[in-house]
Amino acid sequence: MNCQEVVRWLTDYLDGELDATLLETLEAHLRDCDDCRIVVDTTRKTIELYCRCEPLPLPPGVRERLDAALARRLSQRGA
Amino acid sequence: MPTHLENETELVAEARAGSAEAFTTLVNQYDRNIYRLALNITGNPEDAEDVLQETFLKAYTNLGRFEGHSRFYTWLVRIGVNESLMKLRRRHADRWVSLDAPVETDEQETLPREVEDWGENPEQQYARRELADILAEELRKLDPAFRTVIVLRDMENFSTEETAALLNLSVPAVKSRLLRARLKIRERLNKYFKRG
């Protein structure tokens with residue numbers, strides 16, 4: 001496997017979706033190629049950063065306006 | 001993806017029967033996620049607020065059509081994604097590229113240009129809000145076809161198959177976009193997290 005092929009299979013590798021043969025070949029390449037190892041490692045960290053990023057509180061006023069819109073809809077239903 | 005409420009089935013049933021209190025509990029659980037999803041897809045706070053409202057209003061109006069085959073949150077996200085994409089289309093009608101248009105895969109373009117190692121714990125280099133701003137800012141710079149798959153797959157943690165279903169794309173199309181999106185974002189984050 002060359003560097004271009006590692007990139008082609010990168011998403012399947014990081015998502016744990018590679019079959020055993022490809023996995024072994026890809027990991028053999030990683031043992032010998034510093035650049036690919038860094039690309040794999042930093043892409044994994046990129047995914048982890050997004051996965052772990054909890055949503056922030058809503059900006060001021062957003063929830064109040066949502067509640068008001070829902071209350072209007074509820075009152076239309078009840079009418 | 002937010003935590004699944006233990007009594008969600010009951011809450012949805014109560015909301016369907018007209019309980020405003022039950023519906024409010026569902027809103028409380030998912031409002032921040034739907035707002036973040038909409039903000040990340042549309043890239044615009046006003047549009048994100050409109051999408052948040054439309055999503056919950058449509059969910060409330062159409063609760064009778066929710067058949068319970070998927071999680072309630074997945075159903076909400078489907079509404080939120082559709083509303084967000086409509087906003088994008090309206091705002092960028094002049095240069096709208098359909099999400100399901102084929103994306104040319106140029107392997108040379110995909111190959112990483114910058115290879116720089118990061119520190120062990122990149123998230124510890126920045127305060128929580130600063131890190132969230134960095135991640136959102138770099139996401140916004142991606143083409144909508146790419147950022148939408150990152151939002152669903154990596155931020156909301158839907159599977160590749162679920163992401164494909166939510167976007168009406170094939171699994172290979174999602175994988176191809178995901179690869180390019182992850183590599184582009186990785187390269188852009190180098191400047192924040194590289195060693196040294």
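Below, chain A is the first sequence line, B the second, and so on; all start at residue 1. The model shown is predicted, which means the values in this text are computed figures rather than measured ones.
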*Under 4.0 Å between a Lys/Arg side-chain N and an Asp/Glu carboxylate O for Arg37(A) and Asp117(B)?*
no
Residues passing the salt bridge (charged side-chain N to carboxylate O under 4.0 Å, His left out) test with Arg186(B), sequence neighbours excluded, are none
Under the criterion side-chain contact (heavy atoms from CB on, under 4.5 Å), I'd like the reasoning laid out for Glu48(A) against Asp154(B): C-alpha separation, chi angles, the key distance, then a yes or no.
CA-CA 8 Å; Glu48(A) 286 169 0; Asp154(B) 291 340; over 6 Å; no
inquiry  = Taking the side chain as everything from C-beta on, heavy atoms only, tell me whether Thr46(A) gets closer than 4.5 Å to Arg182(B).
reply    = no
Residues of residues 43-55 of chain B with a heavy atom under 4.5 Å from any heavy atom of chain A, in residue-number order, are Glu49(B), Leu52(B), Gln53(B)
Heavy-atom nearest pair, Pro55(A) first then Arg36(B), reads N-NH1, 3.6 Å
Okay, Asn157(B) and chain A: the region with an atom under 4.5 Å from a heavy atom over there is side chain
TODO: Would you indicate whether the side-chain heavy atoms of Leu179(B) and Trp9(A) approach each other to under 4.5 Å?
DONE: no
Do the side chains of Arg63(A) and Tyr35(B) get nearer than 4.5 Å, heavy atoms only?
no
When the 4.5 angstrom heavy-atom criterion is applied to Thr24(B) and chain A, the contacting part is both
Check your understanding: Do Arg32(B) and Leu56(A) come close enough that some side-chain heavy atom pair is under 4.5 Å?
Key -> no
Return all side-chain donor-acceptor pairs below 3.5 angstrom for residues 124-136 of chain B, not counting sequence neighbours, or 'none' if the list is empty.
residue: Gln125(B); atom: NE2; partner: Tyr192(B); partner atom: O; Å: 3.4
residue: Tyr126(B); atom: OH; partner: Tyr192(B); partner atom: O; Å: 3.0

When the 4.5 angstrom heavy-atom criterion is applied to Asp41(A) and chain B, the contacting part is side chain
Flag the pair Glu17(A) and Lys175(B) as a salt bridge only when some basic side-chain nitrogen lies within less than 4.0 angstrom of an acidic carboxylate oxygen.
-> yes
- Item | Minimum side-chain heavy-atom gap Asp34(A)-Val115(B) below 4.5 Å | no
CG (Leu183(B)) and OG1 (Thr11(A)) are apart, to the nearest 0.5 Å, by 7.0 Å
The interface call for Asp12(A) against chain B, heavy-atom contacts under 4.5 Å, is side chain
Show me, pair by pair, the donor-acceptor contacts under 3.5 angstrom made by side chains of residues 71-79 of chain B, not counting sequence neighbours?
residue: Arg71(B); atom: NE; partner: His4(B); partner atom: ND1; Å: 3.2
residue: Tyr73(B); atom: OH; partner: Glu156(B); partner atom: OE1; Å: 2.5

Here the pair of heavy atoms bringing Ala69(A) nearest to Leu57(B) is O-CD2, 3.7 Å
Please walk me through it: do Leu49(A) and Phe193(B) pass side-chain contact (heavy atoms from CB on, under 4.5 Å)?
CA-CA 11 Å; Leu49(A) 284 171; Phe193(B) 301 118; 3.6 Å; yes
Candidate pair Tyr50(A) and Val151(B), rule side-chain contact (heavy atoms from CB on, under 4.5 Å), full reasoning = CA-CA 8 Å; Tyr50(A) 279 97; Val151(B) 168; over 6 Å; no
Okay, Leu178(B) and chain A: the region with an atom under 4.5 Å from a heavy atom over there is both
Greatest number of non-hydrogen atom pairs under 4.5 angstrom with chain A, of Trp118(B), Phe56(B), Phe23(B), falls to Trp118(B)
Okay, Val27(B) and chain A: the region with an atom under 4.5 Å from a heavy atom over there is both
Honestly, the part of Asn28(B) sitting under 4.5 Å from a heavy atom of chain A is both
